[in-house]
Amino acid sequence: MPVYRPPKIAASEITPRQVYLGRREFLGAAAIGAVGLLGAGNAGAAALSAVESKYKVDEKPTPVKDVTTYNNFYEFGLDKGDPVALSGDFKPLPWTIKVDGMVNKPGTFDLDALMKEFPIESRTYRMRCVEAWSMVIPWDGFPLASLLSKVEPLGSAKYVAFETVVRPEEMPGQKGIFQSLEWPYVEGLRLDEANHPLTLLAVGLYGETLPNQNGAPIRLVVPWKYGFKGIKSIVRITLTDKEPKNTWQITNPQEYGFYANVNPAVDHPRWSQATERRIGESGFFGASRRPTLPFNGYADEVASLYAGMDLKANF
Ligand code: MTE
């Protein structure tokens with residue numbers, strides 16, 4: 001089990017990208033290769049060349065230290081600090097993703113090749129966790145729709161199912177006394193949600209390849225849904241005509257549903273979803289809570305996907 005070594009560089013105060021990139025140049029490639037600016041879990045960090053995207057919320061990004069040290073990734077343990085501390089043995093490269101099911105052209109795709117084929121976009125999304133906290137994260141990635149169009153879904157395909165890798169030797173949460181969930185971790189989207197331009201396959205954050213704790217080397221990001229929909233370390237994507245189950249729904253169907261759209265009007269059975277705590281923000285009296293927005297602020301883009309649906313029944 002790896003011992004957690006704090007990053008040599010205090011990356012917590014990074015805000016403007018210019019400052020961040022300037023500091024990277026100053027430190028030189030060797031330092032980046034050894035540790036990476038994103039923290040100890042990102043030993044193989046590499047800079048990404050990303051194009052700016054129109055999808056950028058105008059809010060202050062959450063400090064990179066919070067984004068990379070306050071995580072949910074049960075394959076590495078139950079506590080928020082476990083993923084950064086216990087993911088050092090995980091090897092995200094080389095990586096392939098199998099895309100199969102109801103498609104004309106199933107295939108197993110090498111991630112490096114996909115990253116050359118599809119332009120990597122830099123997008124800043126507001127993220128809302130079901131536990132009523134939120135972050136603003138500068139992701140780098142390409143639309144899931146780009147990969148799906150490559151395999152040509154059949155007209156009968158209605159849903160997309162996702163699976164995380166199973167590697168108990170590298171993921172301590174998948175073995176022994178830390179056993180918590182059923183593996184593999186699974187997730188699902190309706191095909192129209194999957195094809196929505198906001199739905200991203202992220203391969204990086206803050207301009208570098210994803211740290212292990214954030215779902216290296218590739219994870220889903222669906223910014224209008226609760227964060228648990230963002231399945232990490234994806235190895236398989238299957239097109240299907242049946243609504244796929246997700247891990248939290250399997251674990252606790254009373255509390256977690258298929259849609260998981262951010263909805264301040266539908267409380268979690270054990271707490272309100274009306275407000276949220278923005279991680280990394282603190283004031284004299286501590287962080288103030290802000291109101292949660294329907295569809296996490298993305299209603300203009302996505303509300304039409306759910307026209308006519310009862311969003312209390314389809315939580
Ligand atoms: N994916 C896998 N494979 N395993 C997990 O435990 N946790 C989910 C989601 N994806 C999880 C996962 C939850 S509950 C959240 S809130 C987000 O990842 C957290 O993503 P972050 O750590 O990058 O903020």
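Order of appearance sets the numbers: ligands from 1, and atoms from 1 within every ligand. Keep in mind that this is a model prediction, so the values were computed, not measured.
At a 4.0 Å heavy-atom cut-off, the residues surrounding ligand 1 are Asn71, Asn72, Phe73, Tyr74, Glu75, Cys129, Thr164, Tyr185, Asn214, Arg219, Gly227, Phe228, Gly230, Ile231, Lys232, listed by chain and number.
Ring orientation note: the planes of Tyr125 and Tyr55 are nearly perpendicular, at an angle over 60° on the 30°/60° scale. The aromatic rings of Phe228 and Tyr226 sit parallel, their planes meeting at an angle under 30°, below the 60° perpendicular limit.
Counted by atom type alone, Arg278 and Ser134 present one or more donor-acceptor pairs between their side chains at under 3.5 Å. Side-chain contact annotation: Asn72 with Lys80, donor-acceptor N/O pair under 3.5 Å present.
With hydrogens and angles ignored, the 3.5 Å screen pairs a side-chain donor or acceptor of Tyr298 with a backbone N or O of Arg126.
With sequence neighbours excluded, the residues that form a side chain to side chain donor-acceptor pair (under 3.5 Å) with Trp224 are Asn261, Tyr306.
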